[in-house]
Amino acid sequence: MSRNGRTTATATRDGRQDLAGPGRQRTAEQHDAVPQPASTADAGVDAWQDYLAAARQLDGVRRAAAAAAGEQARSVQAARGELTEVRTRLAAQQARLRERGVPQISLVPSPPELSEETRALAGGPATVLAGLRTARDRVDAADVALAARHPLRPASWSARPRNLLVYGPLALLVPLIQVVVYVATGAGAATVAALICGLPMPAVAFVAGWIGVGRVFRSRRGGRVDRTSRFGALVCLVPAVLVTAGLLFAMLAG
């Protein structure tokens with residue numbers, strides 16, 4: 001009995017151990033396979049922080065690119081304005097220098113000079129704008145030098161003041177004669193005749209002034225002289241209109 005009882009107890013304990021062992025093992029494996037909640041949340045926060053950092057960096061790059069593009073557009077617009085002004089003033093200076101006898105070949109840049117300036121202006125719109133502003137300063141200095149060299153010589157003046165010396169006296173000649181006739185004879189037939197005869201005189205004065213400008217301020221190298229035709233026509237017309245209107249008003253009032 002004792003042997004059989006011991007054998008039975010031993011078998012019973014072994015059976016219980018066999019039944020409990022695999023269950024505990026499966027429970028441990030399932031526990032290891034389930035992800036930890038804390039570590040998953042930390043990984044999500046890290047990914048979100050990385051995303052925000054990348055988004056901020058991208059936004060900074062976009063803003064910098066937009067600012068650079070805007071600055072470049074402003075530089076291009078300013079450079080176009082400077083280029084137009086410099087070209088206009090250089091053309092006027094070239095005409096004045098040609099009238100003074102400077103050869104045409106001396107007024108244009110040589111190929112080496114063009115190549116050097118091309119290389120110097122290859123730095124973009126900002127560099128071109130700086131170069132154009134430097135050129136404008138040089139044009140200002142050249143204007144001052146040209147004006148200081150012959151300040152009392154009409155040939156060194158700009159076109160309009162110079163041509164006014166020819167158009168002005170011719171435009172005032174007939175109106176002065178009309179005023180003298182009115183003062184001497186009053187509102188009579190002589191004044192009326194002077195007014196009628198003075199009607200075509202602005203055109204005559206303009207033609208005479210146009211020819212006189214070409215004769216007096218003739219270019220030394222055979223170039224064209226700027227006669228400022230519109231300005232001359234206005235100078236010849238305004239005094240005649242004003243004097244005629246004044247005399248008519250005086251005659252009607254008398």
Side-chain angles (χ1 to χ4, degrees), residues 81 83-104 107 136 139-140 142-254:
L83 180 60
T84 302
E85 181 181 358
V86 170
R87 279 181 174 177
T88 303
R89 297 182 62 184
L90 285 177
Q93 286 187 358
Q94 185 179 14
R96 293 171 62 183
L97 291 173
R98 288 183 62 185
E99 291 178 0
R100 294 188 180 186
V102 179
Q104 177 65 24
L107 300 177
R136 184 186 60 183
V139 170
D140 293 337
D143 285 336
V144 173
L146 288 174
R149 187 174 181 181
H150 300 288
L152 300 178
R153 185 179 177 183
S156 63
W157 298 357
S158 59
R160 289 186 176 182
R162 178 197 65 191
N163 296 342
L164 185 61
L165 297 177
V166 179
Y167 288 120
L170 295 174
L172 295 175
L173 180 61
V174 173
L176 288 177
I177 294 175
Q178 292 174 342
V179 172
V180 170
V181 171
Y182 174 77
V183 172
T185 62
T191 302
V192 175
L195 290 176
I196 295 174
C197 293
L199 292 178
M201 294 311 296
V204 176
F206 169 72
V207 173
W210 192 86
I211 297 174
V213 169
R215 297 285 184 178
V216 175
F217 305 111
R218 183 178 301 176
S219 177
R220 296 181 181 180
R221 294 292 178 180
R224 298 182 60 183
V225 178
D226 187 6
R227 291 180 168 88
T228 60
S229 300
R230 295 181 180 179
F231 175 73
L234 187 64
V235 169
C236 295
L237 183 62
V238 170
V241 172
L242 293 178
V243 171
T244 302
L247 291 177
L248 288 174
F249 180 78
M251 291 173 64
L252 293 175

### Any pair counted as side chain to side chain donor-acceptor pair (under 3.5 Å), so long as it reaches residues 195-209, sequence neighbours left out
none

### Task
Give the minimum heavy-atom separation between Tyr167 and Phe206, together with the two atoms involved.
CE2-O, 3.9 Å

Quiz: residues 227-248 side-chain donor-acceptor pairs under 3.5 angstrom, not counting sequence neighbours:
residue: Arg227; atom: NE; partner: Trp210; partner atom: O; Å: 2.9
residue: Thr228; atom: OG1; partner: Asn163; partner atom: ND2; Å: 2.8
residue: Thr244; atom: OG1; partner: Ala240; partner atom: O; Å: 2.7

### Message
I'd like to know whether Arg162 forms a side chain to side chain contact (heavy atoms under 4.5 Å, CB included) with Val216, so could you lay out the CA-CA distance, the side-chain angles of the two residues, the decisive distance to 0.1 Å, and finally the verdict.
### Response
CA-CA 10 Å; Arg162 178 197 65 191; Val216 175; over 6 Å; no

### Query
What residues form a side chain to side chain donor-acceptor pair (under 3.5 Å) with Arg160, not counting sequence neighbours?
none

### Query
Quick one: are Phe217 and Asp226 in side-chain contact, heavy atoms under 4.5 Å?
no

Just distance, no hydrogens or angles: give the donor-acceptor pairs under 3.5 Å from side chains in residues 171-189, sequence neighbours left out.
residue: Gln178; atom: NE2; partner: Ala194; partner atom: O; Å: 3.0
residue: Thr185; atom: OG1; partner: Val181; partner atom: O; Å: 2.6
residue: Thr185; atom: OG1; partner: Thr191; partner atom: OG1; Å: 3.3

